[in-house]
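All remarks here apply to the structure that follows.
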2 protein chains.
Amino acid sequence: MPKQNTVFKDAYNRCLQLLVVGESLPSEPELCNLLGVSRTTVRSILSQMVEAGLIEWNKRSKAVQRPPVKADFFPEHETNSLAEVIERTFMKRILMGGAEPGMQINELELAREIGVGTTSVREFLIRFSRFGLIEKRPNSHWVLKGFTRQFAEELIDVREMFELKSAAAFVKLPADDPAWIELEALRRAHVDVLADIDSRYLEFSELDDRLHRLIQQASNNRFIVDFYDIIAIVFHYHYQWNKSNARERNGKAILEHLDYIEALKTRRPDAVEAACRSHLSSARLSLMQSLSPAALAATDEAQ
Amino acid sequence: MPKQNTVFKDAYNRCLQLLVVGESLPSEPELCNLLGVSRTTVRSILSQMVEAGLIEWNKRSKAVQRPPVKADFFPEHETNSLAEVIERTFMKRILMGGAEPGMQINELELAREIGVGTTSVREFLIRFSRFGLIEKRPNSHWVLKGFTRQFAEELIDVREMFELKSAAAFVKLPADDPAWIELEALRRAHVDVLADIDSRYLEFSELDDRLHRLIQQASNNRFIVDFYDIIAIVFHYHYQWNKSNARERNGKAILEHLDYIEALKTRRPDAVEAACRSHLSSARLSLMQSLSPAALAATDEAQ
DNA sequence: GGGCTGCACATTATCGACAAAGAACACAAA
DNA sequence: TTTGTGTTCTTTGTCGATAATGTGCAGCCC
């Protein structure tokens, strides 16, 4: 099977939600924009909807016949691209179950375990190698360097350098830069979540990602912006499987974010630097503390 | 053809130079170490040498029969791995001949042009994408972002951050760290080249690479060390095809390096920082000036 | 004239296949 | 007991093939 039709299935599912009985779907190019796919895919979706009796399709008219029911949707797991599946499986293996630093990674074995071809696994590993968690030995295996304390420290050191630089650049943004509007929107979102922190503390991850990305953008430096991908993926998976103290940790972090945002709004470089440093060292502490004892022990042994 | 046997050919060529008539080659495992390949490959080499009448091989004895002649060597171009070939061709295209920023990159076309399969090109592009010169549009083409003035500035900004950090760490290295010995060796190498600068100025590139890598190592941070790969590849190819003023440029840089090395040896942080900044801003200037007018014009238009 | 559809074509993502290269193991030699 | 060899098996690097997806052009409808 050459290509998974996950793009089609995912777009189909999203298109189902656009159906309103009695009305007609918009034009093909407009659907392309709404769904973010090409016209070919849109037309496949329309054909499929005709077969499912959801719409009547004749040239420009795409009259909705009935509302979609649950059975019309493709199961969610079929809508994930291969790369996503591989990434999740792999991260699970190296961040959770006993993946010792120094371990060898076998393309073939991984491919069989996940049930995909070797090429896909191989390409994933190449892409993933820029995160510094694995290393290639040409003509031989990959070596797992592991999510160790050492790794976390190196990551955070660079993060601090970059974030301080970006925050300093943010302050110099012209007053009419859209980033200021987004910053205010983010501030409100923080306040909202904080008001109902006990039930919404899990939304912090998303806020965190948005705030830091917004700040890195200000650096106007692709290497700084790209580096944030590493931080994001590590934090994302790590905290996804490591929810101890999440309630307190996130509550505290939201307060820090609010300080940080206020500081940015003053545009005073020293205030920004102080708030930034304070938040980052707190984040560093959280991450270090949440590293499991197993990971810690492994770190000391590695190399 | 599944795999190029470039490993074999390259090792074979290197093994030819070990032949001394009348003597016997060392044991298989020892040859593995000398050539940096596996025993399987060593045995292939030995077999081939028997066929070529170069040696008699019987168990442990591998008696050399005749000295190798020129025709025994594989042509050099057959010893380059595919990845190297692709990299060179690609860099040539984007750093030299009219590759406008924003241009689309086509895997199939590139593969045909170079005469390799699409998989190899694809994997190269994925690996290469971390250098920030190209960007992937999933399910669609790659976009060339181009070696523009903007790119150079972003690259050098990060370089300065990292180098300052590394240099500061270098100063704190214990007195018995091997880096100090290597530093002294490098200093002498600089002096040697400088003494005969008019005929040896092209050797500067190698010295530059060695010195900066040595310093980055001191950071003990994989992200900083890995980032130097980007700088190295860009400088390598750029100056390889851009030798205007190389004589003056390199002569001046060697003097700066010597200052820098002296500063490191004093272990005084402020002296190191000054020398580091001075050298880096000079390197920045050189790079900027050597960017062709075409690249400059393109920069302004892009986005 | 500007946007929409129909159609033909180009390109990507993924797979399985296979030779090159590496790795493991039992035995032989020193 | 250590080191080297013979042998077999595993894994990587590369290719071509193929369905999914994207793109371009000619004509049609408002």
Side-chain angles (χ1 to χ4, degrees), chain A residues 1-11 26-32 35-47 57-62 81-83 85-86 104-112 115-126 136-142, chain B residues 1-11 25-32 35-46 57-62 81-83 85-86 104-112 115-126 136-142:
Chain A
M1 316 130 205
K3 215 172 178 177
Q4 319 293 108
N5 53 350
T6 57
V7 173
F8 167 76
K9 287 176 176 170
D10 182 53
S27 76
E28 295 174 13
E30 192 157 347
L31 282 172
C32 290
L35 300 172
V37 296
S38 76
R39 251 187 77 216
T40 306
T41 305
V42 163
R43 297 182 116 247
S44 306
I45 292 172
L46 293 174
S47 301
W57 182 22
N58 194 314
K59 312 263 169 137
R60 313 205 165 201
S61 121
K62 300 145 188 117
S81 82
L82 253 201
V85 174
I86 298 177
Q104 295 184 9
I105 299 169
N106 189 303
E107 294 177 3
L108 201 57
E109 189 191 340
L110 243 184
R112 277 195 286 246
V116 301
T118 51
T119 313
S120 310
V121 167
R122 210 177 143 73
E123 289 183 1
F124 165 78
L125 291 173
I126 294 173
K136 183 162 184 52
R137 299 287 157 83
N139 282 317
S140 181
H141 49 254
W142 292 79
Chain B
M1 316 128 205
K3 214 172 178 175
Q4 319 293 107
N5 53 350
T6 57
V7 173
F8 166 77
K9 287 177 177 168
D10 182 53
L25 282 172
S27 76
E28 295 175 12
E30 193 158 344
L31 282 171
C32 291
L35 301 171
V37 297
S38 75
R39 250 187 79 217
T40 306
T41 304
V42 163
R43 288 171 69 82
S44 305
I45 292 173
L46 292 174
W57 181 22
N58 194 312
K59 311 263 171 139
R60 312 205 164 201
S61 118
K62 304 157 187 100
S81 82
L82 253 199
V85 174
I86 297 177
Q104 294 184 11
I105 298 169
N106 190 304
E107 294 177 2
L108 202 57
E109 189 191 339
L110 243 184
R112 276 195 286 247
V116 300
T118 50
T119 312
S120 310
V121 167
R122 205 177 149 74
E123 290 184 1
F124 166 76
L125 291 172
I126 295 174
K136 182 166 184 50
R137 299 286 157 83
N139 284 317
S140 181
H141 49 251
W142 292 79

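Quick note on labels: first sequence line is chain A, next is B, and so on, each numbered from 1.
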Ignoring backbone atoms, test whether [X] places a side-chain nitrogen or oxygen under 4.0 Å from the OP1 or OP2 oxygen of [N].
X	N	result
R43(A)	dG6(C)	yes
S38(B)	dA23(C)	no
K62(B)	dG4(D)	no

Inset, instruction - Note down the inter-axis angle between the two ends of the helix from dG1(C)-dC30(D) to dA30(C)-dT1(D), five pairs each, to the nearest 10°. - result: 30°
Inset, instruction - Keeping the roles fixed (side chain from N58(B), backbone from S61(B)), state whether a donor-acceptor pair exists under 3.5 Å. - result: no
Taking the side chain as everything from C-beta on, heavy atoms only, tell me whether [X] gets closer than 4.5 Å to [Y].
X	Y	answer
F124(A)	V85(A)	no
W142(B)	L110(B)	no
V7(A)	N139(B)	yes

Inset, instruction - Hey, which sits more toward the 5' end of DNA chain C by its nearest nucleotide, Q104(A) or F8(B)? - result: F8(B)
Inset, instruction - Identify, between K59(A) and N5(B), the residue whose nearest nucleotide on DNA chain C lies closer to the 5' end. - result: K59(A)
To the nearest 0.5 Å, what is the distance between [atom1] on [X] and [atom2] on [Y]?
X	Y	atom1	atom2	result
L35(A)	D10(A)	CG	CG	9.0 Å
W57(A)	L46(A)	CH2	CG	4.5 Å
E123(A)	I86(A)	CD	CD1	9.0 Å

Legend entry - Those residues that, when tested against R43(A), pass salt bridge (Lys or Arg N to Asp or Glu O under 4.0 Å) (two or more places apart): E28(A)
Inset, instruction - Assign a letter to each nucleotide of nucleotides 8-18 of chain C from its 5' end: B, base within under 4.0 Å of a protein heavy atom; S, sugar-phosphate only; -, no contact. - result: ---SBBBBB-B
For atom [atom1] of [X] and atom [atom2] of [N], their distance in whole Å:
X	N	atom1	atom2	answer
R60(B)	dA28(C)	CZ	P	12 Å
N58(A)	dC28(D)	CG	P	16 Å
I126(A)	dT14(D)	CD1	C1'	12 Å
L110(A)	dT10(D)	CG	P	18 Å
E30(A)	dG2(C)	CD	C1'	15 Å
W57(B)	dG4(D)	CH2	C1'	12 Å

Inset, instruction - Could you work out which one of dA21(C), dT7(D), dC4(C) sits closest to the side chain of V7(B)? - result: dA21(C)
Inset, instruction - Give me the one residue out of H141(B), R112(B), R122(B) that meets side chain to side chain donor-acceptor pair (under 3.5 Å) with E107(B). - result: R122(B)
Inset, instruction - Check every strand shown and say whether T6(B) touches a base, only sugar-phosphate, or nothing at a heavy-atom separation below 4.0 Å. - result: sugar-phosphate
Inset, instruction - Report yes if a donor N or O on one partner sits less than 3.5 Å from an acceptor N or O on the other, where the partners are the side chain of R39(B) and the base of dG4(D); otherwise report no. - result: no
